There are 2 protein chains.
Amino acid sequence: MERELLLLGLLRQGEMHGYQLHDFIERNLAFCTDLKKPTAYALLERMAARGWVTVQEVREGHRPPRRVYRLTSEGEAVFQRLLRDNLARFEAAKTGSDVGLAFVDALPRAEALRLLEQRRAALTEQLAAFQSAPTHAGSYQLLIDHQLHYLRSELAWLDDVLARMRAGRLRLVSPRSTPKPKSKEASP
Amino acid sequence: MERELLLLGLLRQGEMHGYQLHDFIERNLAFCTDLKKPTAYALLERMAARGWVTVQEVREGHRPPRRVYRLTSEGEAVFQRLLRDNLARFEAAKTGSDVGLAFVDALPRAEALRLLEQRRAALTEQLAAFQSAPTHAGSYQLLIDHQLHYLRSELAWLDDVLARMRAGRLRLVSPRSTPKPKSKEASP
DNA sequence: CACTGAATAGTCACAAATGACTATTCATGA
DNA sequence: TCATGAATAGTCATTTGTGACTATTCAGTG
């Protein structure tokens, strides 16, 4: 749902064609959403079919005609609905990076430390890149602010974990406990 | 990739069948990954095809036979590789909730405030539920710790935003700036 | 001016993910 | 004891999402 919210929101600022929309998202919003080109086109097509946007084929030269999308008033209504809905909810973010943490105890402490320090380096690098970005096209300040807050918070947590690990204060359960020891199933 | 890491990691603790794996993830790790049943089965099948796990059909009664998966030593090697790789990277989390923030200025300030207060309520509720959970099966402490940290950090940020909005100190750019004012295209 | 690499614009066949099922077993209480 | 709903176990048709591709235009340069 939030992908259509995004597209509708961008189209509120004026008509645009598919490539333009995707390109803008890719350049400016890649850090908070990821929307590949074919997905964007498919969504636009569907939104057109539902009457949220109109399409107008524009051909210049003899390149394949560009399809220019424009928000309808119905689309605007949907935008309003989706926006209210989105703002009122909180959906926790998910990342693949979490999974590994579940299994750190499968590695010797020293190596785990080394790897997490690499992770920390990657994180500070992203943070730096983000901070030095040129006011990000001047727009979407809240998003940027949020992302900065998030990255800093992640860094703080990671540093805390590293400190605890170095001090040997990381309590981890025995890796032998079967996740669901319901019936017979002796631990192998 | 992190889904196979997860499955392999769980299988390290002993053989399990598909339902068991999915069920465990659903119950205990839903907050950090989401893996529907058919996806889990498909992954297991593929891992079997690649020799990372072995399958053994076990039938009891005359229900459809259960397929029990067991990690191979090749699977263990892959696990080690994926784990190291995962720990060394940092991948920023993404959430659909961010998108709405890009468009708060489309709403009257008062209403935006009301909606974000609803969001805040949803967040504190999730936080409360998480804190009161019964030591989460005693396992995966780092994950829990991380999630708690994350939720608290989100709450702090949201409170800050709310405060800024109430004080009218939320600087937002004019909604009229076209995202990519490259060529002709007069703002409509 | 012809050539090259980048930017523009979009498509398509394939891979991944999921909602909605089927079908058996188990607990329970009327 | 036998209906009923929950838990167990898995499948399949459909939708979604994407890597890799085609094809045109444009800017720069030798």
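Values below: every heavy atom of this structure, side chains too, minus hydrogens, waters and symmetry copies. Quick note on labels: first sequence line is chain A, next is B, and so on, each numbered from 1. As the structure is a prediction and not an experimental result, all values here were calculated from the model.
Outside the 6.0 Å centre-distance limit, the rings of A:Tyr41 and A:Tyr19 are not counted as a close aromatic pair.
Test B:Gln118, B:Arg114, B:Arg119 against B:Leu116 for side chain to side chain contact (heavy atoms under 4.5 Å, CB included) and you get one pass: B:Arg119.
Following rounding to the nearest Å, A:Tyr69 (OH) and C:dA9 (C1') show an atom-to-atom distance of 11 Å. The interatomic distance linking A:Tyr19 (OH) with D:dC26 (P) rounds to 14 Å, in whole Å. Put simply, CG on A:Asp23 is 6 Å from P on C:dT8, counting in whole angstrom units.
When distances run from any side-chain atom of B:Asp34 to the nucleotides D:dG10, D:dG17, C:dT18, the shortest one goes to C:dT18. Nearest nucleotide to the B:Arg67 side chain, out of D:dT11, C:dG10, D:dT18: D:dT11. When each of C:dC12, C:dG19, D:dG17 is scored by its nearest atom to the side-chain atoms of B:Lys36, the top-ranked nucleotide is C:dG19. Here the side chain of B:Tyr41 is nearest to one of C:dC12, D:dT11, C:dT18, namely D:dT11. Residue A:Arg66 has its side chain nearest to C:dG10 when only D:dG19, D:dA9, C:dG10 are considered.
Among all heavy-atom pairs drawn from B:Leu44 and B:Val53, the shortest one is O-CG2, 4.1 Å.
One finds a salt bridge joining B:Asp23 and B:Arg27 here, because a Lys/Arg side-chain nitrogen approaches an Asp/Glu carboxylate oxygen to under 4.0 Å.
In this model, a side-chain donor or acceptor of B:Lys37 finds a partner on the base of D:dG10 within 3.5 Å.
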